[in-house]
Amino acid sequence: QDAGITPPPEVAQFEEIAPGSGEGLTIGFTQLGLGVPFTEALQKGMVAAAETAGVNLVTCDSKFDAAAALDCARQFRTQNVDGLVTFQADAAAAANICAEGPQVPVIAIDIEQQPCQTAFVGAANTYAGQIVGYAIGQYFKENFDCQYDAWVSLESLAVGVVNDMRMGGMREGFAQVCGEVQNLRVIDTGAGGQADTAQRQVTDTLTALPGAQKIIVVGINEDVVTGALAAARSQNRTENLYLGVQNFDPGNCQIWTAPHFIASAAYFPEKYAQLILPNLIKAVKGEEIAKQILVPHEVVTKDNMMQLYPETNC
Amino acid sequence: MPENVQATSAVPATTIRARMKAPEWGALLIFLLAEIVFFTINSPYFLSWPNIVNIITALSITGILAAGGTILLIAGQFDLSVGSGTAFVALMFAIAAQSLGIMPAVGVAVLVGVGIGMLNGFLVTVVGVNALITTLGTLAIFRGLTLSIGGASSVRITGFDWAIARPFLDIPLSAVLFLVIAVGIAVLLSRTVFGRTIYAIGANENAARLVGIRTKKTLFLGFVISGVCMAITGLVSASQLGSTSGTTGTGLELAVVTAIILGGTSLKGGTGSMFGTVLGLLIVGVLNNGMTLMNINSTWQQVAAGTLLILAVSFDQIRQRFIRA
Amino acid sequence: MPENVQATSAVPATTIRARMKAPEWGALLIFLLAEIVFFTINSPYFLSWPNIVNIITALSITGILAAGGTILLIAGQFDLSVGSGTAFVALMFAIAAQSLGIMPAVGVAVLVGVGIGMLNGFLVTVVGVNALITTLGTLAIFRGLTLSIGGASSVRITGFDWAIARPFLDIPLSAVLFLVIAVGIAVLLSRTVFGRTIYAIGANENAARLVGIRTKKTLFLGFVISGVCMAITGLVSASQLGSTSGTTGTGLELAVVTAIILGGTSLKGGTGSMFGTVLGLLIVGVLNNGMTLMNINSTWQQVAAGTLLILAVSFDQIRQRFIRA
Amino acid sequence: MSAPTFLSVRGIRKSFGSVKVLHGVDLDLPAGSVTALLGENGAGKSTFVRILAGDHHADEGNIEIDGAPISFRSVAQSREAGIRLIAQEIADAPTLSVAENITLGAVPNRLGFVDYGAMRSIAQRALDSLGADLQLDAPVSSLRLGERQIVEIARATAGASRCLIFDEPTAALSDAETKRLFALIERMRSRGVAILYITHRLDEVFAIADRVCVLRDGRVSLDAKVAEVDQTAVVTAMVGRAVASHQDHHVYAETGAARLVEVRGLTSDSFFNIDVDVAPGEIVGIYGKVGSGVPELAGAIFGAVPHASGDILVDGKPVIFRHPSEAIAQGFGFLPADRASEGLLRPRSVAENLAAPSWRRLARGAFVSRRIETSAFGRWHKTLKVRSRPDGAERIATLSGGNQQKVLLGRWLEAGSKLLLLVEPTRGVDVGARQEIYQVLRDLARQGHGILIASSDYEDITEAATRAIVMVRGQMVAHLPQNEISTARLTEAAGGGAHA
Ligand SMILES: Nc1ncnc2c1ncn2[C@@H]1O[C@H](COP(=O)(O)OP(=O)(O)OP(=O)(O)O)[C@@H](O)[C@H]1O
Ligand SMILES: Nc1ncnc2c1ncn2[C@@H]1O[C@H](COP(=O)(O)OP(=O)(O)OP(=O)(O)O)[C@@H](O)[C@H]1O
Ligand SMILES: [Mg+2]
Ligand SMILES: [Mg+2]
């Protein structure tokens, strides 16, 4: 389905953790910020993987704030960790965070940590955006000859570059099929993308689009799409929303069963650890590892979601 | 705090008479009307019934919380735990609904809301912890609990759609509920002995005690009312969204305080009204709605909202000075 | 607010004497020590010099803003714009640095900070807008401007690394700066005529006015000092991170107010001290640091932080009651 | 003795909207002379002196200092000219220390740094000159009302000044303190300071003033040398008629009815082992100066402040009031000493303030009725001569001090309390209204109410009480039946406890 978009060459495959492979190591993990499904799933995966590998994992939550990430780096230096996993929001702050942190191998998640990054593991954000945009484009081309009323983009400007890459990627992917996005409405849904903010703003936006039958709604995460659905539901216009999502949480049935759920990009955050830990352990032991390790995203649609996530129970 | 304290004893009596005629909230009303005119000109959708309903519906959660908050602020107290309280109620409701069914879960939600209010009230009136610290503390506690218990992913709630039902005039029940509560609290504050008591405590807690008012009991009750409001908004939110998550209700405390203060309730206590709070809510609500309709970028929306917030109050200050001169 | 107002005219004289001996912040100090003992037992890294430096360094931005905030709160005023002011200063600095070079950009940063302070001060003292509304407004305005002008992505700042330099005792300059400012403001508040004027205004603005104190001028200056603090923290933040973004400084206002109030400064004004604020900062800072060292999940950290915030103040209340009995 | 005129005021007019307060006040303040300013409550005395202090701005009129016209735009300018006002309402910084309050606005400093040594010695000297013994480091909030008043006076007299204005300074002071204040005023006068002294106590006028001015209907209705007038002339100029006292003497007749309250061995840290009881029809006066524990005793009976030991009996049964509401439920009413912090609901209306303890009774179910409340206010508006709108709709903060006091007293009259515990009931009330209040109290007693007056004003006792108790330093030192109550006996009995 995503044939129109070529995956970047650095995409890797998930591998099982070898038990006991990191026995005796202490690894620091700067978390982006808990409270959203993505990071929680990531953290669960990390904790489980660390246990299997026998690694002592110490987590520090940067709460989406570069200054807090800097403090985390300093604390990890104090704790003499052997390796570091850094997932923090501000690529431009990486230099100083590197300088203040421990001088050990570093794996960066999703956001570059130059100059100290040994390897980058993460979403191919633009790619993940493009494949969803492309899927939406194909859907609209097949069914509506690329006709639609508006493109409502539920973003979280606070997330920074990642927001731009994903949301911009969706527009690019769509543009490959249907041409430049028309009637674009960018809505900021607050820090991390919040359902109630999205709901309020989509309610108003729907009012400003009276009679519109085909509104493409794309969201930076699942919460904002939930909010958009709630807004539409209360105006009886659920049928009018055509949804493009980022990430796939199998429990979020509300979205996957919506009448026009078109596509989402699976990020597999629960499996990130399978890319991170083995490589970091190797790096700590002085072995050479790949510099770019990207997640094998998949487009998720109504048709293939049961195969990708058999536990989906909607 | 600089609300031109007590207008010093130097308020001329004309002012007093003028004030009786042009009440405290006169300037805010004019400001609201100006907003309405502006957006009516700039967006064809603004002055339509569905949009008016949207505005009120969007306010319902903030508004219900602000009703309880108005009581507390008039009494000289704060409640910053409303946002995380709402999220916690919604989560407990969702969990209870899964195992017990909807109706018992509503009972659970009410108990949880009342419980939060009682906890706040106990800490403030019995232990004697400052209300700001107390509710900052419970804000963190209930947000943390919501995230810890519920996890980050949102929890689905099915079969609980009453808040979006539109039984008459195309108004959702959540908006109706807000209006009913606003009127109820307005009457409570302006017409009842309990309301009087609230004003008296805010005006001079010590003097209130000496005329026989059970100040602590009353304040405790004020926090419980705020807790009941959280229970209601938790249920409204759960029903509106059909789900709840760890970020539900984030930042509501600030929206609530903003509306109340904008509506003329003083941080010092003893003055203010529910009508003022409703005006404050509408000024902010109309602004957000109108700017979204005009498709203004949300970062500029922030700038405009901040500016207008200040303008609205400045306008009132300048009008007062004008009358005085 | 329930800080046991004025203790009526009938407080027994013993209480007064007892209070003099056990100072306001005695309980907080004990609480802080208890935290330190607890974390020392539970983490081998806690009581090490690098970690102590970490704790203070982590406090530096909040602490510098809290220094200005303490002045304002003692005078009975608020400044909620500190977080977005910091971000705006940092952004203006970054932009100016790109075109003008570092040193002129520092000048720009100072001007921007002072400008924000003057804007707040003007609105509060001249126009007469409530400080909470004013600074909620400027909070939104400068956050919006930062996001609009700077865009979403962060801006890199190079060649401005002074804040992480560690010229002596392995202490970063940002921490040194915080300590210097804290001591400076402590002296200002407790030893200078200006400082005592701040207390007088907070205790009774009318009384201060009636003895000829230029209350408005003084308050204006207070806001400007807060603006200068934003300029400094903007520069510290830019230097520490080597970058700035739209989210820089989000939520700082709450951290600042929490530390100040926890440190014993009353919302009513007229009491408090910089020493108390430093204690408040340390109680929160040690808690965050210690819990992270113990690898406690951050959502549970929130619950613990909220609980301990309330406990710290309850402890103080209960101690006071104990002394009285 | 024609001293040079320091301050000369001509044609001062001031209105608060439609309420014309001053219309054409002319007054000269000679240097080295004490001018007493009198007038009924709400006559505009405080308004007038606040204009002189730069706190209010006159609508019209001229002010000259040393013959040169001057216009006060701010308090700072008035202070610059050497004018110091000791205002009627205490305006201090409660959280600051006594020493800091005394030097407020004129902090001794070196290069902007407070010179705490100099501060303490300035404060100590100012207090010494008033013979006051206060801890310099105690926060002012821990002081009694009278002590705070002394701090205010000390502040105004600490530095050099050319004109001192006292607005009812002795309302909260003891006799001894008053005497020392008079001595201070005497010294100031001899140093050539112009003094303006507002009071409702005529004896004070004749004790210290050189000249007396009376404000009436917004103008000066009498301006004469004290030597040339007598009390009747002054009162007539104030009220428009002569005010007779003792028109009606209420004599308590034992009815055998149960005591309304019996106090047995009541002790706290302000008073010791007090026995007192009040029967229906009785007006018990407890006379005591500041520090005697009298106001604290009244507060303890009401349950406003805790007591350490002893019993309060109602209907012969001991009661413990943990909260004032419990005392009110027993038919008690309590007028506290400190109007500002214990009485007024400042942002609320006059009528609402008066009705406060009776809200529930005046309501219809849970709902308040403004009509019933207004008519309740109407009853007391006339009787107590409250100068306000007849419907009491304005904020109480806009009333003059004496009128606020009348409203607070009216609170408990309207509440119909069986037992009234009144601390300083006539504080700040003018000569005419005072007699009306005594009359109301006598009438209430005749109807079977019991009244306990706790006062440092002997007139309250001599005029109204049917028996008197004198307290000194928390101890009861004398018990006087009605026929033995006299100014002389009261002061004599209380004299033993005067501060050294
Ligand atoms: N801020 C105000 N607004 C309206 N009216 C006011 C205000 N301040 C004073 N007044 C009115 O002005 C009149 C004069 O008040 P003022 O306080 O000068 O009286 P006074 O002579 O000092 O009385 P007292 O003996 O009771 O102290 C009163 O009727 C009062 O109600
Ligand atoms: N305490 C108050 N403060 C301000 N306004 C009040 C107050 N009490 C009543 N009002 C207003 O005054 C008006 C009359 O009040 P209300 O209906 O209670 O009196 P009423 O009609 O005279 O009495 P009732 O109908 O019960 O015989 C109403 O508009 C009400 O809003
Ligand atoms: Mg007066
Ligand atoms: Mg009626």
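Convention: sequence-line order gives letters A, B, ...; per-chain numbering from 1.
Top candidate by heavy-atom pairs under 4.5 Å with chain A, chosen from C:Gly249, C:Ser239, C:Ser298, is C:Ser298. When the candidates A:Asp61, A:Asn80, A:Ile97 are compared by the number of heavy-atom contacts under 4.5 Å with chain C, A:Asp61 comes out ahead. For the options A:Gln31, A:Lys63, A:Glu155, A:Gln75, heavy-atom pairs under 4.5 Å to chain C are most numerous at A:Gln75.
Aromatic ring orientation, C:Phe88 versus C:Phe142: tilted (interplanar angle from 30° to 60°). Relative ring orientation between A:Phe87 and A:Phe38 is described as perpendicular, the plane-to-plane angle rising above 60° on a 0-90° scale split at 30° and 60°.
For a residue to count as touching a neighbouring chain, one of its non-hydrogen atoms must lie under 4.5 Å from one of that chain's; by this rule C:Leu293 touches chain A with backbone and side chain alike. For C:Thr292, the parts lying under 4.5 angstrom from a heavy atom of chain A are both the backbone and the side chain. Heavy atoms of A:Glu100 lying under 4.5 Å from chain C belong exclusively to its side chain. For C:Asp161, the part sitting under 4.5 Å from any heavy atom of chain A is the side chain, from C-beta outward, and nothing else.
Within 6.0 Å of CD in A:Glu180 there are 12 or fewer heavy atoms belonging to other residues, nucleotides or ligands.
Screening A:Gln43, A:Met46, A:Glu51 for a side chain to side chain contact (heavy atoms under 4.5 Å, CB included) with A:Leu57, the sole residue that qualifies is A:Met46.
Closest heavy-atom contact between A:Gln117 and A:Gln114: NE2-NE2, 3.6 Å. Of all heavy-atom pairs between C:Ile157 and C:Ala90, the closest is CD1-O, 4.5 Å.
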